[in-house]
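Comments concern the structure below.
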Amino acid sequence: MRRRLRLRGDATLTLLLGAALGLLLYSQRDGAAPTTSAPPALEGAVRRISPGTRVFQAPEADADPPAYEGDTPAPPTPTGPFDFGGYLRAKDRRRFPLLINQPHKCNGDGEPGGRPDLLIAVKSVAADFERRQAVRQTWGAEGRVQGALVRRVFLLGVPRGAGIEGADVEGAGTRAHWRALLRAESRAYADILLWAFDDTFFNLTLKEIHFLAWTSAFCPDVRFVFKGDSDVFVHVGNLLEFLAPRDPAQDLLAGDVIIQARPIRVRASKYYIPEVVYGLPAYPAYAGGGGFVLSGATVRRLADACAQVELFPIDDVFLGMCLQRLRLTPEPHPAFRTFGISPPSAAPHLRTFDPCFYRELVVVHGLSAADIWLMWRLLHGPNRPTCAHPWPAAAGPFQWGP
């Protein structure tokens with residue numbers, strides 16, 4: 001009898017332990033992290049429509065569209081809490097001295113009609129020398145590419161905390177240090193453009209308007225301009241093939257186009273925009289700031305339009321406002337991936353850092369300096385990959401497949 005009771009007790013305990021283990025496994029399954037590498041704020045909110053526009057889709061017909069969470073990372077200078085009071089007081093100050101210039105950048109290569117076919121402009125910060133070197137040695141190299149003349153500049157502001165004003169000894173030493181380094185880099189590579197505003201995330205708009213003004217003044221005959229971040233990989237060959245049939249005298253701004261993004265009203269977000277700064281429910285259509293291409297005609301028109309638009313502290317949205325003033329619609333292109341490459345839902349295990357994917361794209365955002373260099377070597381080195389897709393496929397919609 002005792003043995004039967006003991007066995008019954010053991011069976012009951014086993015059932016209880018099994019039930020507890022099942023509940024534990026079920027809770028872990030429900031709380032598991034998603035397998036996709038898409039930005040968490042955008043999962044379930046972003047979908048593609050032909051021919052490649054990125055739409056922030058509202059879950060219900062009467063609901064507001066999801067909020068803008070940005071598509072470019074903050075530069076590696078600390079931003080801290082954004083002072084909107086100071087911003088509103090100083091927002092009309094939009095002209096800063098050019099401390100380092102490259103006035104002969106667009107003089108050509110000595111050949112007849114030697115104007116640049118493509119000017120590459122990369123947003124950077126003073127401390128990010130490693131990324132600038134990666135760009136110089138890979139996709140941003142100057143010279144002739146498929147017969148097109150390519151030139152390059154980096155866009156910088158003053159490192160935060162090393163402003164040109166102030167007379168303290170420590171600040172003077174810091175200013176002398178960064179200025180000496182950047183001038184030496186400029187002498188070595190002749191590609192640094194430095195303006196006298198603080199290099200912060202919300203001052204990227206100042207880089208936008210100063211670069212447009214610089215291009216109009218020192219590179220007025222450029223055919224096309226690519227503008228992007230220092231953490232992108234650009235397949236320049238595919239970009240040039242996309243631009244080959246285009247007329248630089250006609251308007252063009254192509255990239256990863258985003259529509260119906262609404263401003264964030266939550267103070268804790270670094271993208272917080274109060275209604276006093278922007279009162280409309282949604283932003284105009286804009287191209288993701290990670291990388292986009294413009295025609296020479298559009299660069300010149302935007303320089304004039306942006307001079308008449310009130311400054312806005314998010315640079316890619318600000319450019320969308322300038323396009324809206326010109327009544328121009330940015331052109332979507334699915335080979336511009338400013339949110340990076342996410343695995344398809346049908347194959348979340350698929351490796352996306354694969355040269356067979358990159359050889360069919362134009363821009364991929366969010367790479368380290370080592371990743372940029374490695375992908376360049378994989379695509380352009382002696383042992384190029386064998387891929388199932390024909391070469392190239394950048395002009396049409398990007399599709400996952402064997």
Residues forming a side chain to side chain contact (heavy atoms under 4.5 Å, CB included) with [X], sequence neighbours excluded:
{"X": "L181", "value": "H177"}
{"X": "E130", "value": "A369"}
{"X": "R246", "value": "F224, F242, L252, E331"}
{"X": "R327", "value": "none"}

TODO: Write out all pairs satisfying salt bridge (charged side-chain N to carboxylate O under 4.0 Å, His left out) with one or both partners inside residues 295-304, taking only residues at least two apart or from two chains.
DONE: D251-R301
- [ ] Provide the full list of salt bridge (charged side-chain N to carboxylate O under 4.0 Å, His left out) pairs with a residue in residues 369-381, sequence neighbours left out, each pair given once.
- [x]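 For residues 369-381, and leaving out neighbouring residues, there are no salt bridge (charged side-chain N to carboxylate O under 4.0 Å, His left out) pairs at all.
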For [X] against [Y], the heavy-atom pair lying closest together:
{"X": "D117", "Y": "G147", "result": "OD2-O, 4.3 Å"}
{"X": "A121", "Y": "F211", "result": "CB-CZ, 3.4 Å"}
{"X": "I192", "Y": "Q102", "result": "O-NE2, 2.9 Å"}
{"X": "A307", "Y": "R94", "result": "CA-NH2, 3.7 Å"}
{"X": "L119", "Y": "V153", "result": "CD1-CG2, 4.4 Å"}
{"X": "I273", "Y": "P313", "result": "CD1-CG, 3.8 Å"}

Pairwise side-chain contact, [X] with [Y], heavy-atom cut-off 4.5 Å (strictly under):
{"X": "L311", "Y": "L206", "value": "yes"}
{"X": "I258", "Y": "F339", "value": "yes"}
{"X": "I120", "Y": "W139", "value": "yes"}
{"X": "V125", "Y": "P159", "value": "no"}
{"X": "P281", "Y": "R262", "value": "no"}
{"X": "F336", "Y": "V257", "value": "no"}
{"X": "L99", "Y": "V158", "value": "yes"}

- [ ] Just grab all the disulfide bond (SG atoms under 2.5 Å apart) pairs involving residues 116-150, residues at least two apart or on different chains.
- [x]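 The answer is none; no pair qualifies.
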Open item on the list: Quick test of your reading of the model: are K123 and D315 salt-bridged, counting only N-O distances below 4.0 Å?
Closed with: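 Looking at K123 and D315, the cut-off is met.
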Taking side-chain hydrogen bond (donor to acceptor under 3.5 Å, both in side chains) as the definition, give me every residue that meets it alongside [X], ordered by chain and number, with sequence neighbours left out.
{"X": "W376", "answer": "none"}
{"X": "E142", "answer": "K105"}
{"X": "R325", "answer": "Q308"}
{"X": "Q133", "answer": "R136, Y189"}

Task: Check: F318 ring centre within less than 6.0 Å of Y278 ring centre - done: no
In terms of ring plane angle, is the pair [X] and [Y] parallel, tilted or perpendicular, where the classes change at 30° and 60°?
{"X": "F201", "Y": "Y271", "value": "perpendicular"}
{"X": "Y283", "Y": "F312", "value": "perpendicular"}
{"X": "H210", "Y": "F96", "value": "tilted"}

To the closest 0.5 Å, what do you measure between [atom1] ([X]) and [atom2] ([Y])?
{"X": "L323", "Y": "T329", "atom1": "CG", "atom2": "OG1", "value": "8.5 Å"}
{"X": "L212", "Y": "L294", "atom1": "CG", "atom2": "CG", "value": "7.5 Å"}
{"X": "I209", "Y": "L319", "atom1": "CD1", "atom2": "CG", "value": "11.5 Å"}
{"X": "L182", "Y": "F154", "atom1": "CG", "atom2": "CZ", "value": "12.0 Å"}
{"X": "K227", "Y": "E208", "atom1": "NZ", "atom2": "CD", "value": "3.5 Å"}

Open item on the list: My understanding is that only residues two or more places apart in sequence, or in another chain, count here; which of them pass ring pair (Phe, Tyr, Trp, His ring centres under 6.0 Å) with Y358?
Closed with: F233, F353
Open item on the list: Checking the side chain of R115 only, and the main-chain atoms of D221 only, is there a donor and an acceptor separated by less than 3.5 Å?
Closed with: yes
